[in-house]
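Okay, structure first, notes after.
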Amino acid sequence: MPSPTEEVRAVWTSDQGSMAQQTAVTRWPKIVEGTVDDVDETAASSDKDKRAQWATLRIALQEIMHEIERNEPLKPLREDGAPGIGDFNKQLNAIGKCSWLDCPWLFAECYLYRRIQTIFNTSKKWQGYDVFKRQKDSTFVKSRVAVEELASRYMQVVAESDLASHGSEEARRLLFIEMTEIALWGNATDLSLLSHLSMEDMQDLQGQDAIQKSQKNIVDNDTDAVWTYLQCTPSPVDRHVDMVLDNAGFELFTDLIYAAYLLDCRIATSMQLHIKQFPWFVSDVVPTDVDSLFEHLESANCFPDREYLDRLVPRLRKFFESGAISISSDPFWTTPYSFHEMPIRAPALFDHLQSSYLVIFKGDLNYRKLTKDGLWPYTTSFREALGPLGKSRMKILALRTNKSDTCVGVESQGKVDALNAEAPGDAWVRNGRYAVIAFHDGHC
């Protein structure tokens, strides 16, 4: 484990056999090619003025794709009238000579999406355009079965039963575990890794057996510690919970279900959802995605089984209308910095999150930023990998399916060896079939 004075090495796109290298070589060119296809499709049905700027957009996007394929050096971003360019260029200068396929992965990936955004920011007729919206909407509509299933489950088990508030302590604990796992596996639309407990299961040992079976792929599981914190800490009148979101579409739907659960069960008294200011990492939530989600959920064409959705959707809307759920989009979330730098780079945001009853970070990117995208030994404690945040008062719950090269909190080297035998080549860190539920209790 790195000493307190030793810097952990970040993942680079040149690391042989890494997810970083695979992403840079194969995924990034395809993503940029997809943006070209998207603007082509939009331009075909747009007015004359918008079509007139289409060719310029197309050329600029293709230039990025060709730079990646030729492994050219990263060049400074040009000013586009929006804040943040200086942060990228300063960090690029600090890194020194680097190219697309030989650069710190986290920085290069953030740079890619900020550079795409400069293209639209500097195009008068395309400003505010979400080049990934078509893809996000299409993917969400394909999750019809899972959406209708979760709507049914939430209304029956949480909203329209007394289990959440009047069930036994064990039943309430099992419900918390299941709802947390729904949020954890929110981008696995087949929900195949969930336990699907009935109310009767939650009242007897079958519930515990099913939960244990569903948790076998959670390699760092602090669920019990989170539940203990929520039950044993003094219950302040204001139990404000922050949730830093990841993906739009089905995962956003599961996040709203989780937020509603925390409010309905009085674990939280208010929720603030933190989203991105502009399109980021293809599928991350931006403000328009929230409106789009409700439009889709209210559409019988998209979701024809209305039995439970017609009761659930107004309930979710009411949380927003009352202010119980609010939206925030701090510019720090779209900077190239890891969260280790939050106290210095975004002190107001840091102070706000420190005062929160619980801060939930969703997804792989947030986990990478929490841990500085470092190549820590897998047995490094989550608190150690959090750096300055691990020495703060912030109560952090990270829900992350493993899709990159960084993972900490595995209990022992023996467990690591067993995981490597089960999923050779460290595949358990990258293939999305394993996960972590990591908790820091805010004790320095």
Side-chain angles (χ1 to χ4, degrees), residues 27-69 75-85 88 109-144 245 247-253 273 275-304 313 317 320 327-331 333-334:
R27 189 162 180 257
W28 287 349
K30 290 179 181 178
I31 288 171
V32 181
E33 184 179 21
T35 66
V36 174
D37 293 341
D38 181 88
V39 297
D40 286 351
E41 186 173 346
T42 299
S45 58
S46 297
D47 60 44
K48 180 180 66 175
D49 291 339
K50 200 165 187 176
R51 284 199 305 273
Q53 295 184 359
W54 156 65
T56 302
L57 287 174
R58 200 176 196 281
I59 292 169
L61 291 168
Q62 286 182 321
E63 182 182 355
I64 299 175
M65 183 170 63
H66 295 151
E67 286 179 15
I68 297 171
E69 291 171 339
K75 55 190 180 185
L77 294 176
R78 59 174 176 159
E79 291 291 342
D80 62 357
I85 294 296
F88 279 90
E109 202 154 25
C110 292
Y111 170 95
L112 169 63
Y113 292 98
R114 187 63 182 89
R115 180 156 166 200
I116 290 172
Q117 186 61 21
T118 66
I119 295 171
F120 293 97
N121 283 350
T122 53
S123 177
K124 185 176 180 181
K125 294 296 180 179
W126 291 77
Q127 282 187 13
Y129 180 75
D130 184 351
V131 73
F132 303 117
K133 177 174 171 52
R134 185 177 280 112
Q135 180 178 337
K136 288 185 280 190
D137 287 350
S138 173
T139 302
F140 182 50
V141 171
K142 291 175 184 176
S143 64
R144 179 180 64 82
L245 301 188
N247 294 326
F250 181 74
E251 184 169 351
L252 174 58
F253 177 65
L273 308 181
I275 61 178
K276 308 302 190 299
Q277 290 186 329
F278 55 81
W280 189 250
F281 280 65
V282 179
S283 54
D284 280 27
V285 183
V286 297
T288 54
D289 289 325
V290 179
D291 294 333
S292 180
L293 181 90
F294 277 104
E295 290 171 7
H296 283 93
L297 290 175
E298 291 170 338
S299 168
N301 290 328
C302 296
F303 299 102
V313 176
R317 278 200 180 278
F320 283 89
I327 300 289
S328 174
S329 55
D330 193 281
W333 305 125
T334 47

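The basis for the numbers below is simple: all heavy atoms, side chains too, and nothing from hydrogens, waters or symmetry mates. Being a predicted model, the structure only gives us computed values, none of them experimental.
- Ring centroid separation for the pair F320 and F294 comes in under the 6.0 Å cut-off.
- Annotation for Q53 and K124: closest pair OE1-N, 3.4 Å, computed over non-hydrogen atoms.
- Atom CZ in F281 sits 8.0 Å away from atom CG in L112 (nearest 0.5 Å).
- Between the OG1 atom in T56 and the NZ atom in K125 there is a gap of 14.0 Å [rounded to 0.5 Å].
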Discussion item. Please determine whether side-chain contact (heavy atoms from CB on, under 4.5 Å) holds for the pair V141 and D137, giving the CA-CA distance in whole Å, both sets of side-chain angles, and the decisive distance to 0.1 Å.
Written reply: CA-CA 6 Å; V141 171; D137 287 350; 5.6 Å; no
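- With T334 contributing its side chain and P331 its backbone, the two residues share a donor-acceptor pair below 3.5 Å.
- In summary, R114 and D80 engage in a salt bridge, as defined by a charged side-chain N under 4.0 Å from a carboxylate O.
- Taking every heavy atom of both residues into account, F120 and L61 meet most closely at CZ-CD1, 4.4 Å.
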Item to complete: With side-chain contact (heavy atoms from CB on, under 4.5 Å) as the test, would you mind laying out the steps for Q117 and Q277 before giving the verdict?
Response: CA-CA 11 Å; Q117 186 61 21; Q277 290 186 329; over 6 Å; no
Practice prompt. Go through D130 and D289 one step at a time and tell me if the side-chain contact (heavy atoms from CB on, under 4.5 Å) criterion holds.
Written response: CA-CA 10 Å; D130 184 351; D289 289 325; 4.3 Å; yes
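- Between the side chain of T35 and the main chain of V32, a donor-acceptor pair closer than 3.5 Å is present.
- Put simply, CZ on R27 and CD on E109 are 7.0 Å apart, with the number rounded to the nearest 0.5 Å.
- A pairwise comparison of heavy atoms in I119 and L57 identifies CG2-CD2, 3.3 Å as the closest pair.
- Ring-plane geometry between H296 and F140 is classed as perpendicular, the angle between the planes exceeding 60 degrees on a 0 to 90 degree scale with a lower cut at 30.
- Taking CG of L245 as the start and NZ of K276 as the end, the distance is 7.5 Å to the nearest 0.5 Å.
- Distance alone, capped at 3.5 Å, is enough to place a donor-acceptor pair between the T122 side chain and the T118 backbone.
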Item to complete: Start with the C-alpha gap between Y113 and V282, add the side-chain angles, then the distance that decides, and say whether side-chain contact (heavy atoms from CB on, under 4.5 Å) holds.
Response: CA-CA 8 Å; Y113 292 98; V282 179; 3.4 Å; yes
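- S283 and N247 are linked by a side-chain donor-acceptor pair at a separation below 3.5 angstrom, with hydrogens and angles left out of the test.
- Side-chain atoms of Y129 and T42 form a donor-acceptor pair, as typed in the model, at a separation below 3.5 Å.
- Formation of a donor-acceptor pair under 3.5 Å by the T139 side chain with backbone atoms of Q135 is found in this model.
- E33 contributes atom CD, which lies 9.0 Å from atom NZ of K30 (distance to the nearest 0.5 angstrom).
- Within a 6.0 Å sphere centred on CZ of R51, heavy atoms belonging to other residues, nucleotides or ligands number more than 12.
- Between V285 and L293 there is no side-chain heavy-atom pair separated by less than 4.5 Å.
- P304 places a side-chain heavy atom less than 4.5 Å from the side chain of R144.
- Scanning all heavy atoms of the two residues, the minimum distance from W126 to V39 falls at CH2-O, 3.9 Å.
- Side chains of K133 and T288: a donor-acceptor N/O pair is absent below 3.5 angstrom, by distance only.
- Within the 3.5 Å criterion, the main-chain N or O of P76 finds no donor-acceptor partner in the side chain of Y111.
- Applying the salt bridge (charged side-chain N to carboxylate O under 4.0 Å, His left out) rule to D330 yields no partners; only residues at least two apart in sequence or on another chain are considered.
- Once rounded to the nearest 0.5 Å, the distance linking NZ of K136 with CD of E251 reads 12.5 Å.
- Counting heavy atoms from C-beta on, the side chains of I64 and W28 never come closer than 4.5 Å.
- What you find for W333 and W280 is that their closest heavy atoms are O-NE1, 3.8 Å.
- Nearest heavy atom pair, residue L77 against residue I85, reads O-CG2, 3.6 Å.
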